[in-house]
Amino acid sequence: MAKPTQPMLDVENLKVRFRTLAGPIEAVRGVSFTLGKEKLGIIGESGSGKTMTGRAVMRLLPKSAEIIADKLQFEDVDLSTATERQMQSVRGRRIGMILQDPKYSLNPVMSVGQQISEMARFHLRVGKREAEERTLAMLEQVHIRDPHRVYRLYPHEVSGGMGQRIMIAMMLVASPSLIIADEPTSALDVSVRGQILELLDEIVVSRGIGLMFISHDLNMVRSFCDRVLIMYAGRIVETIAASELENARHPYTIGLLEALPRIDAPRDRLAVLQRDPSWLEPTR
Amino acid sequence: MQSVSTENRLAGLTRALRKLATSLVVIATTLFGLLVITFVVGRMVPTDPVISLIGPEADQQTYERVYRMLGLDQPLYVQFFTYLRDVLSLNLGQSFITKNAVTTDLARVIPATLELSTLAILIGGGLGIPLGIIAAVRKGSWIDQVARVVGLVGYSMPIFWLGTLVILVFYAWLQWIPGGGRIDIYNEGIVSGPTQSLLIDSIIAGEWEVFWSALHHLITPALILGYASMAYLSRMSRAFMLEQLNQEYVLTARAKGLPGRTVVWGHAFRNIRVQLLTIVTLAYCGLLEGTVLIETVFGWPGLGQYLTSSLLYADMNPVLGSVLVIGLISIIANLLSDVVYRFVDPRTR
């Protein structure tokens with residue numbers, strides 16, 4: 001496990017609240033964590049607030065959402081008070097975001113090259129030619145063999161794995177120091193998953209950046225991340241080193257682990273998670 | 001690398017040609033259908049083409065001679081083929097009101113209508129599309145409400161009524177706008193250029209007084225006609241845009257740190273261009289129908305007025321010729337939009 005470095009992201013008591021006709025709904029109910037140059041996994045079931053936590057950091061929530069936090073500090077920027085303009089220089093430039101399915105997350109009517117070089121032109125203020133060169137170099141860095149050809153392709157002409165490489169390349173052009181990957185491999189074939197994870201790992205380690213890896217795949221997070229936050233109903237129920245996951249103490253985490261099938265020891269019938277209403281209470 | 005791209009381009013060209021051939025077949029079929037309809041309508045109306053020609057006073061002998069001359073004694077399918085041959089050789093018969101060949105009349109009235117409808121669609125699209133998009137981006141804001149009211153009024157107010165109202169207020173009472181016609185009488189016949197559009201021709205000729213006079217006459221009917229299509233176009237573009245703004249790639253664009261303007265116009269807008277093209281074409285065809293009403297209200301010497309006045313005198317040749325032309329313009333507009341959208345959407349290439 002990489003030793004925790006100086007945190008670049010410091011979140012304290014983050015709440016995300018949606019105003020609805022039926023009254024306010026809290027999707028995230030007081031989440032605190034720090035993130036350094038490490039691979040931090042955030043794991044939880046659908047609706048546990050993991051995606052909302054990631055989006056709150058980038059302030060990319062719908063208008064009906066309200067972000068409340070005691071502290072939401074990214075490097076020298078206070079994300080909770082930053083103006084929209086300041087956020088634009090954080091998004092993409094200093095925090096990158098990788099979404100689930102490149103089939104939907106890339107613009108269907110813009111060529112791959114256009115979409116990547118737009119980042120370079122906008123954030124690095126370079127000219128057209130320079131942006132194109134940087135794009136080609138970036139495509140090469142994500143192990144795309146024929147960058148000149150891929151540059152001209154449209155999203156519908158590339159495979160899912162290549163689409164995700166393109167997404168990663170796009171988010172790396174401006175050299176952010178933190179990447180939020182929201183289920184980046186869920187839409188991919190199992191065989192391609194490994195390659196994308198390897199690529200992410202290579203990038204995070206070689207560039208020395210932080211990664212927030214949002215997933216619902218316990219096994220993947222266990223083998224890929226350094227540290228894991230387990231979320232349940234908008235709260236973090238447990239924070240644990242990935243290697244220590246076997247020794248988890250919270251009953252929810254233990255329940256999740258019990259419910260996993262294993263390849264080496266056949267199991268009769270998988271345990272079903274027995275939910276306890278007390279998990280909904282704040283731990284502190 | 002080089003050879004691959006040349007090969008690709010060749011393959012693309014072949015595909016484009018094949019698609020063009022397909023569209024031509026479609027056009028030919030549509031046109032044939034249109035001709036069948038005009039032919040049938042022409043035979044079914046209870047007017048006697050012979051009497052239209054010779055008048056009710058003529059004797060029986062003349063009547064029968066003309067009857068045979070027009071080929072009306074032939075079986076129906078022969079008549080149809082004669083009609084087909086005539087149309088293809090641009091012979092649409094003669095108007096008994098104007099005493100001109102219908103084609104001559106059409107050549108005079110079509111430019112006036114095209115000028116009016118083109119300006120109207122430019123107004124309708126130029127205002128309606130941005131209004132709809134801004135309304136979608138600022139959903140629920142005051143501008144969205146304004147767009148809603150504008151759309152509702154445009155949908156629900158018939159243009160002939162709006163036209164009459166405008167003439168009453170701005171012509172009769174306030175005298176801000178000129179009355180009917182394309183141009184003031186003392187400016188008439190000064191320019192006659194290649195495009196037959198008074199606006200463009202007067203610019204080419206450098207006759208600015210004529211230009212302003214023509215614009216002055218054109219702008220009110222064009223605004224009223226354009227308003228109707230603006231209502232439709234703004235509602236549709238709002239709906240298209242709302243759909244796009246919920247897409248994942250818009251989230252990506254925002255996550256890239258792009259300013260809102262770039263997200264909307266650089267990313268989302270690109271994705272609705274095909275849909276917009278389709279509805280603009282539809283709106284344009286609808287607008288041609290609208291010209292029939294607005295031209296009558298404003299005394300605009302175009303296709304619509306020609307059609308209505310001929311219709312009122314049961315002068316069938318001009319009516320059928322006009323219907324044919326309106327159909328043809330619709331077909332051409334659709335073909336054009338088909339061609340353009342291949343350039344706009346990479347997925348159709």
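Just so it is clear, the values below take in all heavy atoms, side chains as well, and ignore hydrogens, waters and symmetry mates. Labels below follow one simple rule: chain letters A, B, ... track the order of the sequence lines, proteins then strands, and each chain is numbered from 1.
The two residues A:L60 and B:R254 come nearest to each other via the heavy atoms CD2-CB, 3.6 Å. Between B:T252 and A:S105 the shortest heavy-atom distance is OG1-O, 2.6 Å. Closest approach of B:A255 to A:M58, counting heavy atoms only: O-CE, 3.7 Å. The shortest non-hydrogen separation linking A:P108 to B:Y249 is CD-CD2, 3.9 Å.
At a 4.5 Å heavy-atom cutoff, the contact between A:R55 and chain B is made by side-chain atoms alone. Heavy atoms closer than 4.5 Å to chain B are found in the backbone of A:L106, but not in its side chain. In this structure, the portion of A:M171 lying under 4.5 Å from any heavy atom of chain B is its side chain and not its backbone. Using a 4.5 Å cut-off between heavy atoms, A:K103 does not touch chain B at all. Residue A:Q86: no heavy atom, backbone or side chain, is found under 4.5 Å from chain B. For a residue to count as touching a neighbouring chain, one of its non-hydrogen atoms must lie under 4.5 Å from one of that chain's; by this rule A:Y104 touches chain B with backbone and side chain alike.
The neighbour count for B:R138 CZ, taken as heavy atoms of other residues, nucleotides or ligands under 6.0 Å away, does not exceed 12. Enclosure of atom CD in A:E45 by more than 12 non-hydrogen atoms of other residues, nucleotides or ligands within 6.0 angstrom is indicated.
Note on A:H123, A:R91, A:K63: by heavy-atom pairs under 4.5 Å with chain B, the leading option is A:R91. Of the listed residues A:R93, A:H156, A:Q100, the one with more heavy-atom pairs under 4.5 angstrom with chain B than any other is A:H156.
In this structure, the side chains of A:E118 and B:L258 come closer than 4.5 Å at one or more pairs of heavy atoms. At least one side-chain heavy atom of A:Q115 sits less than 4.5 Å from a side-chain heavy atom of B:K256.
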